[in-house]
Amino acid sequence: MMSKQPTAGLPFLKMHGAGNDFVVLDARSGGEMVSAALVRALGDRHRGVGFDQLVFIEKDPKADARLTFFNADGTTAGACGNATRCVAWLILQESGAERLTLRTERGFLAAEDAGGGLTRVNMGPPQLDWADLPLSRAVDTLHLPLPGDPVAVGMGNPHCVHFVPDAEAVDVAGLGPRIEHDPLFPQATNVEFASLTAPDRLRMRVWERGTGITLACGSGTCATAVAAHLRGLTGRRVTVEVDGGTLEVDWRDDGVWMTGPTALVFQGTLSPDFLAAHA
């Protein structure tokens, strides 16, 4: 990936959805894809800006915009539900529209204003076949051959969902990285730990591949809701409490819809010196 460094610096936005925070780079007016080195430098919360994921926005001939997601370690994320909602909110505010379409690595995703300051996105149908996730071998995705009897669900990226008596008591920092890099997941995996707190309510904590513990994960919330329904724990519509807030998931015939808050925190400009140092 190459990076074009404007002499006047590079504008960016800082946003979050339920505490899942993002740097947003808008290249719809021009600009080339950022480098992995710049992504890593920006992701440093002490020497850069800090984020869970970076979102790069480009023009698209068949959608309102095209989104590329990066993890803090410079790798691509494939899917990011809360970042998709954040960008959807931005473009809905610009256009005054109530609905739009965004293209991601997953395909075309519909998003809409849900009212009350909330934004909703259709993350598409879940991937439930082992080869689509992908896994390294054919196994029952509803009962993976791993400690804790987790469920594998794909939402454009892989997820390993564990149902536990108390999500608050789980050592996410200790277990997360070991499961992330288990040989069963050739592209690594996101790791969720969830407990049922009511017939239609889950408490979920997450370890995101390439980033670590985050306050929320949109695709992980969707994967957890899908897994809970497939295990017979909930219906297809649930409220999921994450470390950073609350998200609503509704698994409909046309895909898994997720609704939640977004926030624009600040806008700034990366200095030419910073850009040059991390080209």
(Q) Is it the case that the side chain of Arg120 and the backbone of Trp257 share a donor-acceptor pair, with hydrogens and angles ignored and the cut-off at 3.5 Å? (A) no

Q. Would you call Asp113 and Arg99 a salt bridge, taking side-chain N to carboxylate O under 4.0 Å as the test?
A. no

Q) Can you tell which of Asn71, Asn20, Asn82 makes a side-chain hydrogen bond (donor to acceptor under 3.5 Å, both in side chains) with Asp52? A) Asn20

Q) How long is the span from the CG atom in Leu128 to the CH2 atom in Trp130, to the nearest 0.5 Å? A) 15.0 Å

(Q) Between Thr119 and Arg85, do the side chains contain a donor N or O and an acceptor N or O under 3.5 Å apart? (A) no

Q | Non-hydrogen side-chain atoms of Glu105 and Cys80 separated by less than 4.5 Å | A | no

Q | Spacing of CG belonging to Leu42 relative to CG belonging to Leu270, to within rounding of 0.5 Å | A | 5.0 Å

Q) Is there a donor-acceptor contact under 3.5 Å from the side chain of Ser35 to the main chain of Leu38? A) yes

Q | Side-chain donor-acceptor contact under 3.5 Å, Asp64 with Thr101 | A | no

(Q) Before you tell me yes or no, could you show the steps for Arg137 and Leu184 under side chain to side chain contact (heavy atoms under 4.5 Å, CB included), namely the whole-Å CA-CA distance, both residues' side-chain angles and the distance that decides it to 0.1 Å? (A) CA-CA 7 Å; Arg137 64 184 190 275; Leu184 188 58; 3.5 Å; yes

Q.
Is it the case that the side chain of Asn190 and the backbone of Arg209 share a donor-acceptor pair, with hydrogens and angles ignored and the cut-off at 3.5 Å?
A. yes

Q.
Testing Glu208, Gln127, Glu192 one by one against His159 for a side chain to side chain contact (heavy atoms under 4.5 Å, CB included), which residue passes?
A. Glu192

Q: Report the C-alpha distance between Asp254 and Arg252 in whole Å, list the side-chain angles of each, state the deciding distance to 0.1 Å, and finish with yes or no for salt bridge (Lys or Arg N to Asp or Glu O under 4.0 Å).
A: CA-CA 5 Å; Asp254 64 345; Arg252 306 177 189 173; 5.3 Å; no

Q) Between Lys59 and Asp26, does at least one N-O distance fall below 4.0 Å, as a salt bridge requires? A) no

Q) Quick one: side-chain contact (heavy atoms from CB on, under 4.5 Å) partners of Ala27, sequence neighbours excluded? A) Phe56

Q.
Any non-hydrogen side-chain atom of Val49 less than 4.5 Å from a side-chain atom of Phe12?
A. yes

Q) Just by distance, do the side chain of Thr189 and the backbone of Phe185 share a donor-acceptor pair under 3.5 Å? A) no

Q: Ignoring hydrogens and angles, state whether a donor on the side chain of Thr75 or Asp73 is under 3.5 Å from an acceptor on the partner side chain.
A: yes

Q) Just wondering, are more than 12 heavy atoms of other shown residues or ligands nearer than 6.0 Å to CZ in Arg47? A) no

Q) Would a distance-only check, ignoring hydrogens and angles, find a side-chain to backbone donor-acceptor pair under 3.5 Å from Asp60 to Ala63? A) yes

Q. Do any N or O atoms from the side chain of Arg236 and from the backbone of His229 form a donor-acceptor pair under 3.5 angstrom?
A. no

Q) How long is the gap from CD1 on Ile91 to SG on Cys86, to the nearest 0.5 Å? A) 11.5 Å

Q: Please name the pair of heavy atoms, one in Arg28 and one in Ala65, separated by the smallest distance, quoted to 0.1 Å.
A: CD-CB, 4.4 Å

Q. Taking all atoms of both residues into account, what is the closest heavy-atom pair of Leu202 and Ala225, and its distance?
A. CD1-CA, 4.4 Å

